[in-house]
Every structure is written in C-alpha cells, then in structure tokens.
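Here is the structure we will look at.
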Amino acid sequence: MNCAERYAEIRKKLPESVTLLAVSKTKPATDIMSLYDIGCRDFGENKVQELTQKYNELPKDIRWHQIGHLQTNKIKYIIPFVYMIHSIDSIKLAAEVNKQAAKHDRVVDCLLELKVANEDTKSGFDIDELKQLFSQNEFSKLNNIRLRGVMGMATNTDDRDEIRKEFLNVKAVFDYIKANYAGEVGEWFDQISMGMSGDYDIAVECGSTIVRIGSTIFGERDYTAQK
Ligand SMILES: *Cc1c(COP(=O)(O)O)cnc(C)c1O
C-alpha cells in the first residue's frame, strides 16, 4: 500500500466526526500531494522552518497544524498562515502568540497542551495551573487567540491501560474546563487532540476529535538524512 491508500484505510475506520491529521514532518511534498489529491487538507508539522517551507510550496487551501513545541522567537514565521497551534504549553507562549497574531490582524485557533504522561520529557499544563489561570481570567485577556480545546500525548508505553487512563484524564480536564470556565472559553472550545499511530484507537474511544498520525500513513521517519 502507498501512503494515500494507508490514509484512506485509517480514514475509513474513524468516525466521520474525527479529524485525521496527517503528520507529514520529515516527509516530502510529493507524499503530501498524494494525500491532498484524495481530499486530505489537514497536515501537521513540528518544525517551524519545515512548516514554513512546505506552506510556501504547496496549495494554499491546506490547513497547517503546528503540533510540536514552539519557541517564542519563531512564532512570527507561522502566524500569517497557521491554521491551529496544538502546543500551547505556557501562559507566556499564549501571550506571545496573541501578540504576534494581533500584529497580523488574526485570531489564531489554539489548543492547550496538557501534561498527562508520566515522562519528564513531555511538556504542558497541569490542571492546577490551568484552574489558577482561568480563575484569574488570564486567557480571556488574549483577544487574538481562540482556545479551541486541549491536546495530550500519552506515555510511550505498551501498557494500554496506562494509555487509556491518561487519555481519560485529558478528556476529564477538557470537560472540567468546559463546565467551569464556559464564560472564558466560549462555545468554540470543542476539540480534543489525542492519539498517534500506536494509540489512536484508544484515543478515539476516550473522546478524541483530532488524531495525529504520521508513521502509519507515511512510513517510519528517517532522521539520519537531516543535519
Ligand atoms: C510526530 C508526532 C505525531 C505522529 O507520530 P506517529 O507515531 O508517527 O503517528 C503526533 N503528535 C506529535 C506531537 C508528534 O510530534
């Protein structure tokens, strides 16, 4: 099977309401175009330079998602065109995205990245931090970002019960925010980005609305070819 066929296979298995975000990092424009040609419009990248380059080369109706950690000094390069930022992991980053978005007269859709995995390498908010920020109305001051929901990454493990527990935790935090801070997040807060190649089936069971899938569509990534 080629990547377009694998994409179509996964698309068929997912509920229609779930967005299949094709994670194209390290993959060439030709691979992206073969998915584009069968109707895929949502692509995810984690490096600003690569994202910007692909945006310039490829059709302008592609919805580009920034999924990886974002450095504040690089925000300005993606703000003119990025469709959604999944990796808002601090209030400082949110404020900086807001500032750059204001300069471009845009309101940018963002997800709050939650730290649910028991790995130190993963970043994100914990629930207590968010409660404090919401109760101080920190997010509603940011008029040029629109909070669309949350994003989570499970621990890299074969323990499916652990993964399920973490995804249910993401869903619980999402529900909590929606129930308690409706005035701040508004009706737009409706997205849960969770699930990758190895665990997207569990994520969908736990309420995911966006799955981010790379290697199962495009094949393993080869990082040795890069600098
Ligand atoms: C690379 C990446 C993915 C996709 O991972 P696969 O296991 O290849 O599907 C999903 N989310 C984030 C944040 C990533 O960096």
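Note that this is a predicted model, so its numbers are computed, not measured.
Counting all heavy atoms, side chain and backbone alike, F81 lies closest to T52 at CZ-CA, 3.9 Å. Here the closest heavy-atom approach between residue S87 and residue I67 is recorded as CB-O, 3.8 Å. Scanning both residues, G195 and A203, for their nearest heavy atoms gives CA-CB, 3.5 Å. The two atoms that bring G219 and R6 nearest to each other are N-NH2, 4.1 Å, heavy atoms only. Minimum interatomic distance between C3 and S34 (heavy atoms only, all atoms of both residues): SG-OG, 3.4 Å. The two residues H104 and K76 come nearest to each other via the heavy atoms CE1-O, 4.5 Å.
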Next on the checklist: Working note: I85 + L111, criterion side chain to side chain contact (heavy atoms under 4.5 Å, CB included); need CA distance, chi angles, decisive distance, verdict.
Outcome noted: CA-CA 6 Å; I85 298 173; L111 303 178; over 6 Å; no
Next on the checklist: Run the side chain to side chain donor-acceptor pair (under 3.5 Å) test on E162 and T157 for me, step by step, so that the C-alpha distance in whole Å, both residues' side-chain angles and the decisive distance to 0.1 Å come before the verdict.
Outcome noted: CA-CA 8 Å; E162 173 62 27; T157 171; over 6 Å; no
Next on the checklist: Could you walk me through whether V97 and L142 satisfy the side chain to side chain contact (heavy atoms under 4.5 Å, CB included) test, starting with their C-alpha distance in whole Å, then the side-chain angles of each, then the deciding distance to 0.1 Å, before giving a yes or no?
Outcome noted: CA-CA 9 Å; V97 168; L142 308 176; over 6 Å; no
Next on the checklist: Working note: L112 + I88, criterion side chain to side chain contact (heavy atoms under 4.5 Å, CB included); need CA distance, chi angles, decisive distance, verdict.
Outcome noted: CA-CA 5 Å; L112 299 169; I88 299 293; 4.2 Å; yes
Checklist entry - Would K178 and D175 satisfy salt bridge (Lys or Arg N to Asp or Glu O under 4.0 Å), going step by step from the backbone distance to the final call? => result CA-CA 5 Å; K178 213 169 162 58; D175 288 340; over 6 Å; no
Next on the checklist: Set out, in order, the CA-CA distance, both residues' side-chain angles and the distance that settles side chain to side chain donor-acceptor pair (under 3.5 Å) for E96 and T72, then state yes or no.
Outcome noted: CA-CA 7 Å; E96 202 51 40; T72 49; over 6 Å; no
Item to check | Criterion side chain to side chain contact (heavy atoms under 4.5 Å, CB included) on Y83 and I62, from CA distance to verdict | outcome: CA-CA 9 Å; Y83 176 75; I62 288 178; over 6 Å; no
Checklist entry - Under the side chain to side chain donor-acceptor pair (under 3.5 Å) criterion, do H65 and D42 qualify, and how do the steps go? => result CA-CA 7 Å; H65 298 245; D42 291 280; 2.8 Å; yes
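Using a 4.5 Å cut-off between side-chain heavy atoms of Ile, Leu, Val, Met, Phe, Trp and Tyr, with links allowed through other members, V23 and V211 fall into different hydrophobic clusters. Y7 and M196 are members of different hydrophobic clusters when ILVMFWY side chains are connected at heavy-atom separations under 4.5 Å. Note on V150: it does not cluster hydrophobically with M84, by side-chain heavy-atom contacts below 4.5 Å among ILVMFWY residues. In terms of hydrophobic clustering, with Ile, Leu, Val, Met, Phe, Trp and Tyr side chains grouped at heavy-atom distances under 4.5 Å, L21 and L51 are assigned to different clusters. Using a 4.5 Å cut-off between side-chain heavy atoms of Ile, Leu, Val, Met, Phe, Trp and Tyr, with links allowed through other members, F167 and L114 fall into the same hydrophobic cluster.
Judged by distance alone, with hydrogens and angles left aside, the side-chain atoms of N98 form no donor-acceptor pair with the main-chain N or O of A94 at under 3.5 Å. With hydrogens and angles disregarded, no donor-acceptor distance shorter than 3.5 Å links the side chain of R146 to the backbone of W188. No donor-acceptor distance shorter than 3.5 angstrom exists from the side chain of Q132 to the backbone of E129, with no hydrogens or angles considered. Looking only at distances, a side-chain donor or acceptor of S208 sits under 3.5 Å from a matching main-chain atom of I210. Formation of a donor-acceptor pair under 3.5 Å by the S90 side chain with backbone atoms of L93 is found in this model. A donor-acceptor contact shorter than 3.5 Å links the side chain of S197 to the backbone of T216. Distance alone, capped at 3.5 Å, is enough to place a donor-acceptor pair between the K115 side chain and the E119 backbone. Between the side chain of E184 and the backbone N or O of S140 there is at least one donor-acceptor pair closer than 3.5 Å. Side chain of T155 to main chain of N118: a donor-acceptor pair is present (N/O by atom type, distance under 3.5 Å, no hydrogens or angles).
With respect to K12 and E9, a salt bridge is recorded, a charged nitrogen being found less than 4.0 Å from a carboxylate O. Taking the charged nitrogens against the carboxylate oxygens, R164 and D201 have no contact shorter than 4.0 Å, which rules out a salt bridge.
Of the inter-residue distances, the one linking S135 atom OG with Y181 atom OH reads 5.0 Å to the nearest 0.5 angstrom. To the nearest 0.5 Å, atom CD1 of residue I75 and atom CD of residue Q66 are 9.5 Å apart. We find the CG-CG distance between D158 and D199 to be 11.0 Å, quoted to the nearest 0.5 Å. Between the CG atom in D190 and the CG atom in L147 there is a gap of 11.5 Å [rounded to 0.5 Å]. Atom CG of L168 sits about 9.0 Å away from atom CD of E205, to the nearest 0.5 Å. In this structure, NZ on K25 lies 4.0 Å from CZ on R221, to the nearest 0.5 angstrom.
For the pair K13 and Y200, the cation-pi criterion (under 6.0 Å, within 45° of the ring axis) is not fulfilled. Geometric assessment of K60 against the ring of Y55 yields a positive cation-pi assignment under the 6.0 Å and 45° thresholds. A cation-pi contact, defined as under 6.0 Å to the ring centre and within 45° of the axis, links R41 to Y36.
Using a 3.5 Å distance cut-off with no hydrogens or angles, the side chains of S193 and R212 do pair a donor with an acceptor. Under the 3.5 Å distance criterion, with hydrogens and angles disregarded, a donor-acceptor pair is assigned to the side chains of D89 and H69.
With a 6.0 Å radius and a threshold of 12 heavy atoms from other residues, nucleotides or ligands, N73 has its CG atom above the threshold. More than 12 non-hydrogen atoms from other residues, nucleotides or ligands lie less than 6.0 angstrom from CG of D126. For CD of Q53, the number of neighbouring non-hydrogen atoms (other residues, nucleotides, ligands) closer than 6.0 Å is 12 at most. Residue D120 qualifies as open at atom CG: its count of foreign heavy atoms under 6.0 Å is 12 or below. Counting heavy-atom neighbours within 6.0 Å of E220 CD, excluding the residue itself, gives a total of 12 or less. Atom NZ of K74 is surrounded by 12 or fewer heavy atoms from other residues, nucleotides or ligands within 6.0 Å.
C206 has its side chain out of reach of V170: every pair of non-hydrogen atoms, C-beta onward, lies at least 4.5 Å apart. Using a 4.5 Å heavy-atom threshold, the side chains of Y77 and Q49 count as separate.
When the salt bridge (Lys or Arg N to Asp or Glu O under 4.0 Å) test is applied to E138, the partners found at least two apart in sequence or on another chain are K141. For E45, the salt bridge (Lys or Arg N to Asp or Glu O under 4.0 Å) partners at least two apart in sequence or on another chain are K54.
Relative ring orientation between F134 and F139 is described as tilted, the plane-to-plane angle lying within the 30° to 60° band.
Tested against R106, the residues I145, V82, N144 include a single side-chain contact (heavy atoms from CB on, under 4.5 Å) partner, V82. Of the residues listed (I213, L20, L35), the one engaging R11 in a side-chain contact (heavy atoms from CB on, under 4.5 Å) is L20, and it is the only one.
Ring centers of F174 and F189: under 6.0 Å apart, within the cut-off.
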